[in-house]
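The structure appears below as structure tokens.
Chain letters run A, B, ... following the sequence lines, proteins first and then strands; every chain starts at 1.
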Protein chains: 2
Amino acid sequence: MGTRRRGEELERAILQAAAEELARSGYAGMTMDRVAARAGTNKNAIYRRWPHRAALGVAAYRHLSDVAMPNPDTGTLRGDALEMLRQANETWSSPHGAVLRSLLAAAADDPALLDLMRERSGADTMDRAWLAMLARAVARGEAPPTAVHPRVAAAPMMLLRAEYAMRGIPSVPDEVLIEIVDEVFLPLVRGRV
Amino acid sequence: MGTRRRGEELERAILQAAAEELARSGYAGMTMDRVAARAGTNKNAIYRRWPHRAALGVAAYRHLSDVAMPNPDTGTLRGDALEMLRQANETWSSPHGAVLRSLLAAAADDPALLDLMRERSGADTMDRAWLAMLARAVARGEAPPTAVHPRVAAAPMMLLRAEYAMRGIPSVPDEVLIEIVDEVFLPLVRGRV
DNA sequence: CCCTGTACGGTACTGCGCGTACCCTAAGGG
DNA sequence: CCCTTAGGGTACGCGCAGTACCGTACAGGG
């Protein structure tokens, strides 16, 4: 048979297959044999590139997602915060987000996965976006300067994440996002004198 | 050999063995074979009582834990909140908490486990304790009446939980608890006018 | 244009863990 | 005292991670 794929081409095929398996069965259901079969190759070619399943999982996730970091500027702190949460909620509810959640869940029992996820998680970038948002609010006189604080910036996303962890999974209703902003985030900003 | 255990006695022995395995290796590392061996019996006796590993895991967890709900009354809102967080942190850092976290992690991939855990999580009781705490602060004139709100009450524990999810595992340092109280919880209470 | 090293493909195998089947044997109630 | 019931011993079947071996196509240098 003429064409035997090599190098880049094969690697893309494997990542594609792994991503499809992730989307279909989650990380727990992604088996090396099925990935190999779907890619039309065998486990050898996979293990020659990634040392274990966790590495492949993270690589496949990276392959299908280049998440654009949102940076809304609606003119009000409330509008910006709500927009950030809505975009995050949308991302995490999507099939793509299901993959991410599945990886995060698995990471709790798999230190290798946890390390791999931490660097790629984009949490830092997210925090910076929130801090920038707060700085703009301060510049507008909408918030006291003391509101620009890492814990304040990280709180809303953490609450949203905890909401996901508590409910089964699917999607957090918009009312919850509004409550997080109106009952927690804005009072918190206001209270930091 | 004269004595062959039956019924209640055997069941307690199995649960005890399962709890010890949970404490030693977490849920992911609790194997049916080892539980059977430690209990001095075989998998037959286990599967006759619980349909699958998840059921045994939850049953074993219940067997070794009747968590006392803390209800501190230090005289100040700050003292109460810090005490609640410290006790939660201690519980979750303990072997017992490790078991709980391990079960929760596994629950993300195992719907049966998730259902079993939800009823036993004690989240409601926890929220009530925080609301009572806030009500006392209001009575002392330490907080505005509007601060008594479910989202406010739930926020600190959610932040602590998110902190656990982010870091690898072991224990959240006390400084973080203090920051959650001083930089988030108290300003939040103050800002709810 | 051949020759050789390297990567791919095929396959088989170890090790482990869940869940099941089968058969023998001790308990203990009628 | 016997007969049903439940425990004990053991051996499976199955699926999956990761490894080993070997033959073979491909690329690139001579």
For this session: Enumerate the residue pairs fulfilling salt bridge (charged side-chain N to carboxylate O under 4.0 Å, His left out) with a member in residues 86-98 of chain A, sequence neighbours excluded, ordered by first and then second residue.
Result: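 Applying salt bridge (charged side-chain N to carboxylate O under 4.0 Å, His left out) to every pair that reaches into residues 86-98 of chain A, excluding sequence neighbours, yields R86(A)-D174(A).
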For this session: Flag this pair as yes if the NZ/CZ of R78(A) is under 6.0 angstrom from the six-membered ring centre of F185(A) and inside a 45 degree cone about the axis; otherwise no.
Result: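 No - R78(A) does not lie over the ring of F185(A) by the 6.0 Å and 45° rule.
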For this session: Measure the spacing between CG of L134(B) and CG of L77(B) and express it to the nearest 0.5 Å.
Result: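 L134(B) atom CG to L77(B) atom CG measures 6.0 Å (nearest 0.5 Å).
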Problem set entry | Separation of E11(A) CD from W50(A) CH2 (nearest 0.5 Å) |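 Here the rounded value is 4.5 Å.
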Please report, rounded to the nearest Å, how far the [atom2] atom of [N] is from the [atom1] atom of [X].
{"X": "R53(B)", "N": "dC14(D)", "atom1": "CZ", "atom2": "C1'", "result": "16 Å"}
{"X": "I46(A)", "N": "dC16(D)", "atom1": "CD1", "atom2": "C1'", "result": "13 Å"}
{"X": "M30(B)", "N": "dG19(C)", "atom1": "CE", "atom2": "C1'", "result": "13 Å"}

Tell me, do [X] and [Y] make a side-chain contact under 4.5 Å, heavy atoms counted?
{"X": "V189(B)", "Y": "P187(A)", "result": "no"}
{"X": "L10(A)", "Y": "I14(A)", "result": "yes"}
{"X": "M133(B)", "Y": "E83(B)", "result": "no"}

Exercise. Heavy-atom contacts under 4.0 Å between residues 31-39 of chain A and DNA chain C, which residues?
Worked result: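 Going residue by residue through residues 31-39 of chain A, none turns out to have a heavy atom under 4.0 Å of DNA chain C.
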Problem set entry | Base versus backbone protein contacts along nucleotides 3-12 of chain D [heavy-atom cut-off under 4.0 Å; B, S, -] | --BSBBB---
For this session: For R151(A) and V184(B), indicate whether the former's side chain and the latter's backbone hold a donor-acceptor pair under 3.5 Å.
Result: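 A pair under 3.5 Å: no.
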